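Please read these numbers as outputs of a predicted model, since none were measured by experiment.
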Amino acid sequence: MKKYVIYALITVLVLSLIGCGQAKKTEVQKLQEIKEVKGSEVTVGGQKVNLSDVIVAVGNSSDIKKGNKAYVISTGDKKYLVVYTGHKETKEKEGTEIIDIVKKADNDGITLNNGKFYSVTPNTTEQTIEDLENIKKYNPDDFKTGDIVRMLVKDDKIIAVVRY
């Protein structure tokens with residue numbers, strides 16, 4: 001039963017990010033400052049994006065303001081805006097959803113930017129924004145320092161993690 005609940009939660013996360021469809025090659029960028037917001041046009045670093053052309057993958061519309069950190073990810077024909085406003089924890093029915101930056105990832109787990117360590121189990125799954133439909137077993141080599149992640153954690157153990 002727990003397995004089905006975990007799959008259902010992961011499916012909800014996937015659908016909230018991409019709807020339906022398949023992602024392709026991803027072009028990843030580093031966190032940059034939001035320089036300007038004019039109507040539906042946002043300048044992230046030196047790149048201008050129209051909000052009607054992107055999916056806000058992390059954060060929400062109220063987070064899109066001058067001075068906040070963000071980056072744009074191009075995946076196939078889709079663009080995602082990832083806005084990072086700091087460590088966030090949200091209580092969920094199956095655990096706690098955590099959004100933060102990876103400081104270190106190894107076979108034992110992930111240490112976040114705030115220094116907190118979360119261990120992995122043999123059942124920990126991962127997904128990337130490049131291919132959200134592909135749910136696979138956790139591999140620390142897929143995570144780099146500076147990656148933004150959304151994790152579902154219970155009792156300080158990672159159940160599932162999505163890397164942006």
Side-chain angles (χ1 to χ4, degrees), residues 7 9-90 92 96-106 109-114 118 120 124-153 158-164:
Y7 286 133
L9 180 60
I10 290 171
T11 301
V12 169
L13 285 172
V14 169
L15 293 177
S16 72
L17 293 173
I18 65 167
C20 294
Q22 198 166 15
K24 296 179 185 167
K25 185 181 177 199
T26 299
E27 174 189 316
V28 178
Q29 296 186 11
K30 298 283 184 208
L31 276 175
Q32 300 177 42
E33 185 177 334
I34 296 175
K35 301 278 187 188
E36 184 176 40
V37 180
K38 270 190 181 174
S40 65
E41 190 172 86
V42 178
T43 304
V44 179
Q47 181 180 9
K48 289 186 181 195
V49 292
N50 191 316
L51 290 175
S52 61
D53 298 334
V54 296
I55 299 167
V56 180
V58 176
N60 57 50
S61 57
S62 65
D63 295 330
I64 303 171
K65 52 187 164 193
K66 187 176 178 176
N68 279 353
K69 301 287 185 186
Y71 59 82
V72 177
I73 299 173
S74 298
T75 303
D77 60 347
K78 293 183 168 93
K79 280 190 177 185
Y80 297 92
L81 179 63
V82 177
V83 182
Y84 179 72
T85 58
H87 178 89
K88 285 188 182 175
E89 292 190 19
T90 308
E92 300 289 341
T96 303
E97 181 183 87
I98 299 171
I99 298 173
D100 207 339
I101 295 175
V102 173
K103 184 175 185 181
K104 179 184 171 195
D106 58 32
I110 296 176
T111 303
L112 297 177
N113 216 28
N114 67 354
Y118 296 94
V120 294
T124 299
T125 60
E126 73 168 69
Q127 295 166 278
T128 64
I129 197 147
E130 336 179 275
D131 189 3
L132 286 167
E133 293 177 355
N134 182 20
I135 300 169
K136 62 183 189 174
K137 196 172 208 159
Y138 170 79
N139 178 357
D141 295 335
D142 293 339
F143 298 87
K144 301 179 299 300
T145 300
D147 285 342
I148 294 178
V149 291
R150 179 188 308 244
M151 304 187 307
L152 179 62
V153 173
I158 302 169
I159 297 169
V161 58
V162 178
R163 178 178 55 84
Y164 293 95

### Query
For Glu126 and Asp142, what are the C-alpha separation, side-chain angles and deciding distance, and is it a side chain to side chain contact (heavy atoms under 4.5 Å, CB included)?
CA-CA 9 Å; Glu126 73 168 69; Asp142 293 339; 2.5 Å; yes
### Message
With side chain to side chain contact (heavy atoms under 4.5 Å, CB included) as the test, pick out the partner of Val82 among Val54, Val58, Val72, Ile55.
### Response
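Answer after filtering Val54, Val58, Val72, Ile55: Val58.
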### Task
Check step by step if side chain to side chain contact (heavy atoms under 4.5 Å, CB included) holds for Ile73 and Lys79.
CA-CA 6 Å; Ile73 299 173; Lys79 280 190 177 185; over 6 Å; no
Could you measure the distance from the [atom1] atom of [X] to the [atom2] atom of [Y]? Nearest 0.5 Å is fine.
X      : Y      : atom1 : atom2 : result
Thr85  : Ile99  : OG1   : CD1   : 8.0 Å
Gln127 : Glu133 : CD    : CD    : 9.5 Å
Asn68  : Lys35  : CG    : NZ    : 13.0 Å
Thr124 : Ile110 : OG1   : CD1   : 8.5 Å
Thr111 : Lys104 : OG1   : NZ    : 6.0 Å
Lys48  : Glu41  : NZ    : CD    : 5.0 Å

### Query
Does the separation of the ring centres of Phe143 and Tyr138 fall below 6.0 angstrom?
yes
### Task
Would you indicate whether the side-chain heavy atoms of Leu31 and Ile148 approach each other to under 4.5 Å?
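Yes, their side chains come closer than 4.5 Å.
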### Task
Please answer whether the main-chain N or O of Arg163 pairs with a side-chain N or O of Thr128 as donor and acceptor at a distance below 3.5 Å.
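Checking the backbone N and O of Arg163 against the side chain of Thr128, no donor-acceptor pair under 3.5 Å is found.
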### Task
Taking all non-hydrogen atoms of both residues into account, name the closest pair between Leu81 and Ala70 and its distance.
CD1-CB, 4.2 Å
### Query
What heavy-atom pair brings Gly146 and Ile101 nearest, and what distance separates the two atoms?
CA-CG2, 3.5 Å
### Query
Please walk me through it: do Lys103 and Leu112 pass side chain to side chain contact (heavy atoms under 4.5 Å, CB included)?
CA-CA 5 Å; Lys103 184 175 185 181; Leu112 297 177; 5.9 Å; no
### Message
Could you tell me if Asp63 and Tyr84 have a donor-acceptor pair between their side chains, going purely by distance under 3.5 Å?
### Response
no
### Query
Taking it one step at a time, do Tyr80 and Ile129 satisfy side chain to side chain contact (heavy atoms under 4.5 Å, CB included)?
CA-CA 9 Å; Tyr80 297 92; Ile129 197 147; 3.6 Å; yes
#### Entry: Qualifying residue for side chain to side chain donor-acceptor pair (under 3.5 Å) with Asp100, from Lys88, Arg150, His87
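Answer to the side chain to side chain donor-acceptor pair (under 3.5 Å) test with Asp100 among Lys88, Arg150, His87: His87.
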